[in-house]
Amino acid sequence: VQLQASGGGLVQAGGSLRLSCAASGRIYSSHAMGWFRQSPGKEREFVGLIRWGAGTTIYADSVKGRFTISRDKAENTVYLQMNSLKPEDTAVYYCGFSPRGASWYDREYSFWGQGTLVTVSS
């Protein structure tokens, strides 16, 4: 599976952005797609995930209620809609593919997109 992320950019606090992650290859119902982010000097952290088959989601507490993950099975694409953005959301965002299903541990993700930078100005 190869992943191609896009949609990052510069936005003011309170604004919105939508990230996309297009996957090539076969994705099965038992798989999951996740979003992680990494800020300078910090470890990569879990943002959220979606179970490919059921479409159910899990979010980190820091983004719950502001971020929404969805997927388009026909397009093999997962989206991260980010609303009410805060300066602390500034990071490089990565999408990942987990063949083992839902997990908030990045070690469970076998394939990663190239990362897309989101900068939120105050």
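- How far CG of Leu117 is from OG1 of Thr90: 8.0 Å, rounded to the nearest 0.5 Å.
- Smallest separation of non-hydrogen atoms from Val63 and Val47: CG2-O, 3.5 Å.
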Could you give the side-chain donor-acceptor pairs of residues 8-23 under 3.5 Å, partners two or more places apart or in another chain?
unit_1 : atom_1 : unit_2 : atom_2 : d
Ser16  : OG     : Asn83  : OD1    : 2.9

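- A continuous path of ILVMFWY side-chain contacts below 4.5 Å connects Val1 to Met33, so both sit in one hydrophobic cluster.
- Nearest heavy-atom pair, Ile50 versus Val78, reported as atom, atom and distance to 0.1 Å: CG2-CG2, 3.8 Å.
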*Can Lys73 and Ile27 be said to form a side chain to side chain contact (heavy atoms under 4.5 Å, CB included), step by step?*
CA-CA 9 Å; Lys73 281 188 168 183; Ile27 305 178; over 6 Å; no
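- Not counting sequence neighbours, Trp52 has no partner by the ring pair (Phe, Tyr, Trp, His ring centres under 6.0 Å) test.
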Counting only pairs under 3.5 Å, give me each side-chain donor-acceptor contact of residues 102-111, with atom names and distances, residues two or more places apart or in other chains.
unit_1 : atom_1 : unit_2 : atom_2 : d
Ser103 : OG     : Tyr105 : N      : 3.0
Asp106 : OD2    : Arg44  : NE     : 3.4
Tyr109 : OH     : Ser103 : O      : 2.6

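- In plain terms, the two heavy atoms of Thr116 and Ala5 that are nearest each other are CG2-CB, 4.5 Å.
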*Check the pair Asp72, Tyr79 against side chain to side chain contact (heavy atoms under 4.5 Å, CB included), reporting the backbone distance first and the verdict last.*
CA-CA 8 Å; Asp72 183 329; Tyr79 302 98; 4.1 Å; yes
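- Of the inter-residue distances, the one linking Thr119 atom OG1 with Asp89 atom CG reads 11.0 Å to the nearest 0.5 angstrom.
- Glu88 is linked by a side-chain contact (heavy atoms from CB on, under 4.5 Å) to Lys86, counting only residues two or more places apart in sequence or in another chain.
- Of the possible polar contacts, none joining the Ser39 side chain to the Lys42 backbone as a donor-acceptor pair under 3.5 Å is found.
- Here the closest non-hydrogen pair linking Arg37 and Ser62 is NH2-OG, 3.6 Å.
- For Tyr59, there are no ring pair (Phe, Tyr, Trp, His ring centres under 6.0 Å) partners at least two apart in sequence or on another chain.
- If you chain together hydrophobic residues whose side chains sit under 4.5 Å apart, Phe46 and Phe97 never meet in one group.
- Between the side chain of Thr56 and the backbone N or O of Ala54 there is no donor-acceptor pair closer than 3.5 Å.
- Environment of CD in Gln2: sparse, with no more than 12 heavy atoms of neighbouring residues, nucleotides or ligands closer than 6.0 Å.
- To the nearest 0.5 Å, the span separating CG on Leu3 from OG on Ser24 amounts to 7.0 Å.
- To the nearest 0.5 Å, atom CZ of residue Arg26 and atom NE2 of residue His31 are 10.0 Å apart.
- Every residue meeting the salt bridge (charged side-chain N to carboxylate O under 4.0 Å, His left out) condition with Lys64, not counting sequence neighbours, appears here in chain and number order: Asp61.
- The hydrophobic cluster containing Leu49 does not contain Val118, counting ILVMFWY residues as joined when their side-chain heavy atoms lie under 4.5 angstrom apart, directly or transitively.
- No side-chain heavy atom of Glu45 sits under 4.5 Å from any side-chain heavy atom of Gln38.
- Between Phe67 and Tyr93, the two ring planes are tilted [angle within 30° to 60°].
- The hydrophobic clustering, which links ILVMFWY residues whose side-chain heavy atoms are closer than 4.5 Å, places Val92 and Trp112 together.
- Clustering ILVMFWY residues whenever any of their side-chain heavy atoms sit less than 4.5 angstrom apart, transitively, puts Met82 in a cluster other than the one holding Tyr94.
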